[in-house]
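Being a predicted model, the structure only gives us computed values, none of them experimental. We count ligands from 1, going down the list as the structure has it; atoms in each ligand are counted the same way.
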Amino acid sequence: MDIDTTGWLDIATRVPSPNQDKRPPGVMPEIIVVHAISLPPGEFGGPWIDRLFTNTLPAEGHPFFAEIQGLTVSAHVLIRRDGETVQYVPFLQRAWHAGVSSFRGRERCNDFSIGIELEGSDVHPFTGVQYERLAQLITALKKTYPGLANAPVVGHADIAPGRKTDPGPCFEWSRLQVLLGA
Ligand SMILES: [Zn+2]
């Protein structure tokens with residue numbers, strides 16, 4: 001797995017999101033944030049995550065879609081249940097994944113983070129290939145961006161406590177650590 005000079009992954013399907021902008025001047029990614037998402041909640045597959053991140057989710061498609069209508073969000077990458085990897089935002093750009101957030105007293109984590117979504121929920125174990133892909137991606141990011149070499153890998157819940165729970169109780173941090181050789 002490699003990342004090109006413009007911040008795109010070679011193995012990913014590209015679905016560019018409009019929900020991105022420049023990082024503040026001189027700011028590079030320093031932390032990696034792991035998320036979980038499923039649309040509708042608890043259901044897997046379908047085009048809905050791509051549609052959410054490209055502002056084309058049909059409100060009439062599901063009651064939950066109506067609820068989240070108008071959200072402008074994105075992540076850098078989504079890893080689906082079968083390991084398919086989709087990239088929405090190049091890594092040097094700011095993806096809009098963290099929302100109101102704080103890491104070690106520093107706010108607006110989108111400025112200085114990479115956001116990776118796993119297709120999953122609070123009640124479904126993640127798949128083996130998702131852990132493998134996630135570990136490969138983190139390894140590639142650490143190799144490509146010096147500021148990430150010793151970067152913390154945290155959950156969305158860690159930087160937005162009380163507001164977010166993902167990646168949730170099914171995510172096995174120890175399993176990721178083993179794959180990263182940490
Ligand atoms: Zn999240």
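- Of the possible donor and acceptor atoms, one in the side chain of Arg23 sits under 3.5 Å from a partner among the backbone N and O of Ser113.
- Distances from the Zn ion (ligand 1) to the N/O/S atoms of His35 are shortest for ND1.
- Below 30°, between 30° and 60°, or above 60°: for Phe65 and Trp48 the angle between ring planes is between 30° and 60°, a tilted geometry.
- Among Thr72, Asn55, Thr54, the single residue meeting the side-chain hydrogen bond (donor to acceptor under 3.5 Å, both in side chains) criterion with Asn19 is Asn55.
- For Glu117, every N, O or S atom stays at 2.8 Å or more from the Zn ion (ligand 1).
- His156 has its closest N, O or S atom to the Zn ion (ligand 1) at the position named ND1.
- Nearest N/O/S atom of Asp166 relative to the Zn ion (ligand 1): this is OD2.
- Taking backbone and side-chain atoms together, His97 has no N/O/S atom less than 2.8 Å away from the Zn ion (ligand 1).
- Judged by distance alone, the side chain of Tyr145 and the main-chain N or O of Phe91 form no donor-acceptor pair under 3.5 Å.
- Val153 places a side-chain heavy atom less than 4.5 Å from the side chain of Trp173.
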